[in-house]
Amino acid sequence: MTRRRWVLAGGVAAVMFAAGALLPLRAHLTSASSRPPRVAPQTLTPVGGALSLDATIESLQERLRRHRDPAGESQLGLAYLQKGRLGADPSYFPKAGRLFRLSLRGDPSNVDALIGRGLLANARHRFAEGLRWGHEAAMVSPYSADALGVVVDSLVELGRYRAATGELQHMVDLKPNLASFARISYLRELEGDGDGAIQAMHLALRATQETGEDHAWVLCQLGDLYYAHGRYAQAKEEYRAGHAAAPDYYVPLVGLAKFAAAEGRLGDAVRKMRRVVAVYPSAVNVILLGDLYSRLGNDEQADAQYALVEAQRRLAEANGVVTDVELTVFYADHHRRIGRTVALARAQYDARDSIRTADALAWALYSAGRYHEAITYARRAARLGTRDALLYYHRGAIELALGHERVAAQLLSRALELNPHFSVLQSGVAHELLQEARR
């Protein structure tokens with residue numbers, strides 16, 4: 001669903017990825033070089049190859065063995081954080097946290113360590129804490145776009161969209177680059193401005209080189225935007241271009257796997273997602289692979305992937321990561337742990353009233369048969385006018401369960417007209433519910 005980045009500090013890789021999905025934006029944002037429409041932040045994907053990152057880590061470890069200093073500690077912490085993100089391995093997060101604390105003990109105003117603590121908190125889905133560290137970093141370095149990126153990401157995840165808009169305007173003014181334009185794109189997307197989201201992502205594309213993972217990542221974001229609005233030919237073109245720009249990068253393969261599934265080539269989709277999961281076994285990717293196996297009728301392999309999701313959740317929790325909404329929706333989709341899922345969704349919503357947490361709570365309540373409660377949160381999730389087939393589907397299913405056939409038919413039709421293949425498993429259910437609503 002969502003939906004991260006790095007900068008160079010002193011010639012050594014330091015973090016610039018954001019932790020979670022960014023959210024909506026209302027005001028008109030302007031920058032020194034362009035005048036983009038309304039803005040919306042988004043989750044940026046880490047960039048930089050694993051091999052170069054490993055070399056950076058080894059070099060920094062050797063540097064610190066010879067001489068410990070706050071700058072080296074913060075840089076190694078940022079590299080560990082990136083390593084954890086690149087491999088979906090949260091066991092690197094405590095290592096990063098220890099290095100940030102050591103760095104700040106030696107130099108309380110080390111902005112890289114402050115930004116690192118904010119990024120780490122956001123990576124653990126502790127967005128109020130991320131906001132605190134982002135503000136502290138921005139106080140130490142008022143002209144740091146990276147510090148503002150942490151603030152924007154945190155505010156968006158907390159559902160504080162108006163405040164995020166103002167901070168993002170400041171970030172764009174300071175540094176109109178890939179990171180700021182990608183956030184603009186996501187906020188526009190949340191506000192239902194699909195064309196504006198695409199426009200901002202094209203600005204991000206122009207801020208990258210013509211090859212490499214940065215370029216491929218932006219191409220895939222464009223692909224996702226086109227796919228989400230049913231513009232499949234353009235989406236496929238962007239995914240293929242992303243794959244050509246960085247053949248070993250996993251992100252384009254996810255888009256191509258979705259396409260294969262939409263075209264009925266489920267075996268090809270499974271092969272692609274197995275390659276993805278081998279290098280980046282995030283919960284979202286593992287769930288997609290499991291759902292593909294389920295569509296093929298291979299319940300044994302599907303269950304194996306779903307068991308891996310549970311193992312990942314336990315590993316993440318052991319390393320300080322708060323369970324996020326992707327897992328809540330997964331549990332609700334598959335009718336697992338329903339009582340605990342409702343409690344989990346409630347805790348997520350209470351911690352941050354965002355579009356995604358409201359939708360996840362609505363869907364959990366729906367799965368528990370609590371339709372009257374569910375509709376309140378489904379309507380709350382629609383408050384920004386987000387044009388998202390999954391949100392329309394969830395709300396449509398809830399309205400139908402309440403006996404509101406006409407409204408349900410409108411919402412379910414909207415979901416399937418916008419993106420007929422919005423979900424490997426749920427698109428078919430949406431068709432069935434639409435037929436029921438029209439009877």
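Count residues from 1 along the sequence. The shown structure was predicted, so the numbers you read here are calculated from the model rather than taken from an experiment.
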Considering non-hydrogen atoms only, spot the tightest contact between [X] and [Y] and give its length.
X	Y	value
Tyr250	Val276	O-CG2, 3.7 Å
Leu400	Leu433	CD2-O, 3.6 Å
Thr328	Ala345	CG2-CB, 3.5 Å
Leu114	Ala137	CB-CB, 3.8 Å
Ala246	Ala216	CB-CB, 3.8 Å
Met201	Val218	O-CG1, 3.5 Å

Is any side-chain heavy atom of [X] less than 4.5 Å from a side-chain heavy atom of [Y]?
X	Y	answer
Arg356	Asp388	yes
Tyr161	Leu155	no
Phe330	Val309	yes
Gln305	Ile287	no
Arg383	Asp353	yes
Met171	Leu168	yes
Glu73	Phe100	no
Ile355	Leu391	yes

Residues Arg117, Arg101; criterion side chain to side chain contact (heavy atoms under 4.5 Å, CB included); working and verdict: CA-CA 8 Å; Arg117 293 205 73 170; Arg101 290 192 296 273; 3.7 Å; yes
Are [X] and [Y] linked by a side-chain donor-acceptor pair shorter than 3.5 Å?
X	Y	answer
Ser354	Arg160	no
Ser185	Gln221	no
Asp333	Trp363	yes

Are [X] and [Y] close enough that their ring centres sit under 6.0 Å apart?
X	Y	value
Tyr227	Phe259	yes
Tyr306	His334	yes
Tyr232	His421	yes

Roughly how far, to the nearest 0.5 Å, is the [atom2] atom of [Y] from the [atom1] atom of [X]?
X	Y	atom1	atom2	result
Lys83	Leu76	NZ	CG	12.0 Å
Ile198	Asp224	CD1	CG	11.0 Å
Asn285	Tyr280	CG	OH	7.5 Å
His125	Phe127	NE2	CZ	5.0 Å
Glu432	Ser427	CD	OG	11.5 Å
Leu60	Glu58	CG	CD	10.5 Å

Any chance [atom1] of [X] has more than 12 other-residue heavy atoms, nucleotides or ligands included, within less than 6.0 Å?
X	atom1	value
Glu129	CD	yes
Arg240	CZ	no
Glu310	CD	yes
Arg132	CZ	yes

Check: Asn177 side chain, Ser180 main-chain N or O, donor-acceptor pair, under 3.5 Å: yes
Step-by-step side-chain hydrogen bond (donor to acceptor under 3.5 Å, both in side chains) determination, Thr323 to Glu317: CA-CA 7 Å; Thr323 301; Glu317 287 181 352; 3.2 Å; yes
Report the C-alpha distance between Leu361 and Arg346 in whole Å, list the side-chain angles of each, state the deciding distance to 0.1 Å, and finish with yes or no for side chain to side chain contact (heavy atoms under 4.5 Å, CB included). CA-CA 6 Å; Leu361 178 54; Arg346 180 80 64 185; 3.9 Å; yes
Side chain to side chain contact (heavy atoms under 4.5 Å, CB included), that's the test. Do Ser144 and Ile115 meet it? Break it down for me. CA-CA 10 Å; Ser144 169; Ile115 290 171; 3.7 Å; yes
Quiz: residues 89-96 side-chain donor-acceptor pairs under 3.5 angstrom, not counting sequence neighbours:
from: Asp89; atom 1: OD1; to: Ser91; atom 2: N; distance (Å): 3.1
from: Asp89; atom 1: OD1; to: Ser91; atom 2: OG; distance (Å): 2.6
from: Asp89; atom 1: OD2; to: Ser91; atom 2: OG; distance (Å): 3.2

Review item, side-chain donor-acceptor pairs of residues 263-272, under 3.5 Å, at least two apart:
from: Glu263; atom 1: OE1; to: Arg265; atom 2: NE; distance (Å): 3.2
from: Glu263; atom 1: OE1; to: Arg265; atom 2: NH2; distance (Å): 2.6
from: Glu263; atom 1: OE2; to: Lys236; atom 2: NZ; distance (Å): 3.1
from: Arg265; atom 1: NH1; to: Asp268; atom 2: OD2; distance (Å): 2.4
from: Asp268; atom 1: OD1; to: Lys272; atom 2: NZ; distance (Å): 2.9
from: Asp268; atom 1: OD2; to: Lys272; atom 2: NZ; distance (Å): 3.0

With Tyr226 via ring pair (Phe, Tyr, Trp, His ring centres under 6.0 Å) - residues at least two apart: none
Please confirm whether Arg337 makes a cation-pi placement over Tyr331, using NZ or CZ under 6.0 Å from the six-membered ring centre and within 45° of the ring normal. yes
What orientation do Tyr377 and Tyr349 show, parallel under 30°, tilted 30 to 60°, or perpendicular over 60°? perpendicular
State whether Asp324 and Arg124 are salt-bridged, where the test is any N-O pair (Lys NZ or Arg NE/NH1/NH2 against Asp/Glu carboxylate O) under 4.0 Å. no
Would you please name every residue forming a salt bridge (charged side-chain N to carboxylate O under 4.0 Å, His left out) with Arg379, sequence neighbours left out? Glu399
Donor-acceptor contacts under 3.5 Å from residues 292-302 side chains, at least two apart:
from: Arg295; atom 1: NH1; to: Val424; atom 2: O; distance (Å): 3.0
from: Asn298; atom 1: OD1; to: Gln301; atom 2: N; distance (Å): 3.1

Sequence neighbours left out, what passes side chain to side chain donor-acceptor pair (under 3.5 Å) with Tyr392? Give chain and number order. none
When you look at Leu219 and Tyr239, which way does the side chain to side chain contact (heavy atoms under 4.5 Å, CB included) test go after all the steps? CA-CA 7 Å; Leu219 287 167; Tyr239 292 139; over 6 Å; no
